[in-house]
Amino acid sequence: QRKGLPPGPPFALPFVGHLYLLPKDPMSLLEKWRKKYGNVYMLKFGSQPALFIHEHGFLCEALVKNHETFMNRNETFVTKTLLGCKGIFSLSGDAWKEQRAFVHATLRDLGMGKNVMAERIQEEVKHFLRSIEETKGQPTNFSNLITATVCNIICGVVFGKRFSHKDELFLELLSNLQFLFRELGTSMPIQFFPFLKYLPGDYFLYHESVHRCQRMKSVIWDMINKNGRKVNTNDESFEDLVQAYLTEIEKKKVAGITNTSIDEENLLHTVWNFFNAGTETTSKTVIFCLLYLVYFQDIQEKLFQEIHENIGTERSPQMSDKPKLKLLNAFLLETFRHSKMGPFAPDRVASKDVVLKGFLIPKGTVIIPVFDSITQNKEVWGDPENFRPERFLDEAKKDFTVFSVGKRNCVGEAMAVMELFLILSSMIQRYQFLPERHGQKPSLETEFGFTRSPEPFKVRAVLRSNKKSTD
Ligand code: HEM
């Protein structure tokens with residue numbers, strides 16, 4: 001090891017580095033290494049150094065204080081082969097800065113004033129509540145409905161329209177999205193050993209993933225074009241992201257600007273990134289919230305009382321109600337923390353040699369934030385194993401976010417928070433969620449993946465007695 005490098009386990013093998021040591025769910029091994037080497041240690045992924053960060057302060061040192069050095073994404077099988085290094089998620093350098101500034105400003109505008117974003121979310125929430133009602137209090141697994149709802153909210157914000165949950169394009173979008181999320185974990189070895197794609201039988205799902213990505217592009221392209229859009233470069237008022245983006249492309253053309261990343265290829269991939277980054281994360285959060293509501297009936301009742309006192313049961317919750325629902329806000333933060341929904345943040349790469357808190361981090365090092373430890377550290381949280389929303393009410397503010405930190409944090413954070421607030425407050429206001437069978441709690445066990453999932457569970461959604469049917 002070069003002098004000054006962070007500590008790390010021995011026995012890195014030629015070609016594979018430490019990869020051979022990592023099991024499918026590596027979290028307990030990473031925790032073991034954290035205890036042995038500290039909150040920051042280094043492994044080798046093949047020949048590439050990989051820095052694991054288990055501490056919020058160190059993460060800020062890297063991603064906030066040294067943003068320019070760690071701004072770029074690592075080029076991986078997913079970002080390079082599947083996403084073609086296009087779109088806001090995969091781009092690096094000036095092209096990323098240009099996409100980010102444009103997307104950030106557009107999302108901000110959609111969420112301000114008339115608040116088109118909140119309107120689109122509320123429209124979808126109405127459909128969601130109606131679908132819950134159709135279950136008539138019978139035990140139901142709501143996961144697919146929640147995922148379709150969240151995906152359709154993105155359609156509303158991006159394309160300016162929602163789709164019927166039975167629409168063929170919408171169903172294909174959803175199925176490819178779910179496949180890629182579920183299966184990419186299995187094809188991970190391909191990330192480091194691309195020659196595996198030549199093995200017969202497509203065991204690592206290389207060809208299937210490439211095929212699904214091609215279908216995904218074609219579906220999104222159809223959705224982008226479907227409205228037969230007209231672009232008016234003088235019109236500054238937009239009701240969706242695609243319209244804003246197409247207008248920006250046109251403006252650049254009219255002005256003769258060719259040195260730009262604002263083009264159709266990046267539009268397609270950026271829209272795709274929205275679905276990849278926004279569907280699974282947000283829907284899993286709602287699913288975990290539902291699980292905790294059912295498991296902790298006393299907390300559910302307190303949340304209902306808070307809504308009852310501050311909003312009543314006659315009108316739908318609005319974004320302006322959010323500051324008043326302190327327990328609901330705390331419940332959401334505790335769900336993020338306790339569920340460990342996103343074990344890792346997507347990786348970045350060091351663009352030059354840099355010294356962080358006395359450690360030398362060589363150019364080309366991959367940075368892997370381990371959110372699991374940040375949310376489960378006993379020294380920070382005291383009793384991390386307990387689900388206690390009040391910790392976000394009573395105690396000194398904790399440094400923690402599941403949206404990552406710095407200028408390249410989640411660009412959809414405000415939208416996600418809006419969705420989660422409107423979905424949850426509306427659900428709790430209207431229904432009481434009960435376990436499948438009286439007195440039988442669902443399991444809190446989870447399965448590891450890009451995002452963690454709870455074990456499948458059914459719930460009875462019983463209309464609160466003071467609510468009228470939505471029909
Ligand atoms: C609970 C919900 C969500 C969580 C926990 C979450 C978390 C994250 C995290 C950890 C990152 C990586 C940031 C980094 O590299 O440091 C990210 C990036 C991103 N997220 Fe989210 N996200 C959520 C919802 C959304 C939504 C609703 C959208 C949009 C519809 C979205 C769009 C994106 C995009 C486009 C990026 C890439 C940003 C860039 O590279 O500049 N996310 N998200």
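Side chains included, hydrogens not; waters and symmetry mates left out as well; all remaining heavy atoms used. Order of appearance sets the numbers: ligands from 1, and atoms from 1 within every ligand.
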_Which residue and atom name correspond to the protein heavy atom nearest atom 1 (C) of ligand 1, and how close is it?_
Thr285 OG1, 3.5 Å
_atom 21 (Fe) of ligand 1 neighbourhood, protein N/O/S only, threshold under 2.8 Å_ = Cys410 SG
*What residue and atom, counting heavy atoms only, is the protein's closest point to atom 30 (C) of ligand 1, and at what distance?*
Phe274 CD2, 3.4 Å
*asked:* Is the distance from the ring center of His18 to that of Phe45 below 6.0 Å?
replied: no
*asked:* Tell me if the NZ atom of Lys441 is crowded by more than 12 foreign heavy atoms within 6.0 Å.
replied: yes
*Any Lys/Arg nitrogen of Lys97 or Glu68 sitting under 4.0 Å from an Asp/Glu carboxylate oxygen of the other?*
yes
_With a cutoff of 4.0 Å, is Gly342 in contact with ligand 1, counting heavy atoms of the residue only?_
no
*Are any of the N/O atoms in Arg100 less than 3.5 Å from those in ligand 1?*
yes
*Assert yes or no for the condition that the ring centre distance of His338 to Tyr292 is strictly below 6.0 Å.*
yes
*Of all the atoms in ligand 1, which lie at a distance below 4.0 Å from a heavy atom belonging to Phe336?*
1 (C)
*Relative to the ring of Phe102, is the ring of Tyr245 parallel (under 30°), tilted (30 to 60°) or perpendicular (over 60°)?*
perpendicular
*Quick one: look up the protein heavy atom nearest atom 7 (C) of ligand 1 and list residue, atom name and how far away it is.*
Val402 O, 3.6 Å
*Can you name the ring-ring contact (aromatic ring centres under 6.0 Å, His included) partners of Phe296, sequence neighbours left out?*
Phe387
*Glu419: heavy atom below 4.0 Å from ligand 1, yes or no?*
yes
_Would Asn409 count as being in polar contact with ligand 1, using the rule that some N or O on each side must be under 3.5 angstrom apart?_
no
*Determine, using heavy atoms of Lys284 and all atoms of ligand 1, whether some pair is separated by less than 4.0 Å.*
no
*So which bit of Gln99 gets within less than 4.0 Å of ligand 1, heavy atoms only: side chain, backbone, both or neither?*
neither
*Could you tell me whether Glu123 and Arg120 make a salt bridge, using a distance below 4.0 angstrom between a side-chain N and a carboxylate O?*
no
*Is the gap between the ring centers of Phe89 and His269 under 6.0 Å?*
no
*Just let me know how Arg408 lines up against ligand 1, side chain, backbone, both or neither, with a heavy-atom cut-off below 4.0 Å.*
both
*Gln297, CD atom: more than 12 neighbouring heavy atoms under 6.0 Å*: yes
_Heavy-atom neighbours of Lys251 NZ exceed 12 at 6.0 Å_ = yes
*Between Ile88 and ligand 1, which part of the residue brings a heavy atom under 4.0 Å of the ligand: side chain, backbone, both or neither?*
both
_Considering non-hydrogen atoms of the protein only, which is the closest contact for atom 37 (C) of ligand 1, and what is the distance?_
Phe89 CD1, 3.5 Å
*Please say whether the positively charged group of Lys166, taken as NZ for Lys or CZ for Arg, lies over the ring of Phe170, i.e. under 6.0 angstrom from the six-membered ring centre and within 45 degrees of the axis.*
no
*asked:* Could you identify the single nearest non-hydrogen protein atom to atom 12 (C) of ligand 1 and state the distance to 0.1 Å?
replied: Pro346 CD, 3.4 Å
*Taking the non-hydrogen atoms of Trp96, is any one of them nearer than 4.0 angstrom to ligand 1?*
yes
_Ring-face cation of Arg348 near Phe70 (centre distance under 6.0 Å, axis angle within 45°)_ = no
*Can you list the steps and then say if Glu208 with Arg212 is a salt bridge (Lys or Arg N to Asp or Glu O under 4.0 Å)?*
CA-CA 6 Å; Glu208 179 69 13; Arg212 293 279 192 157; 3.0 Å; yes
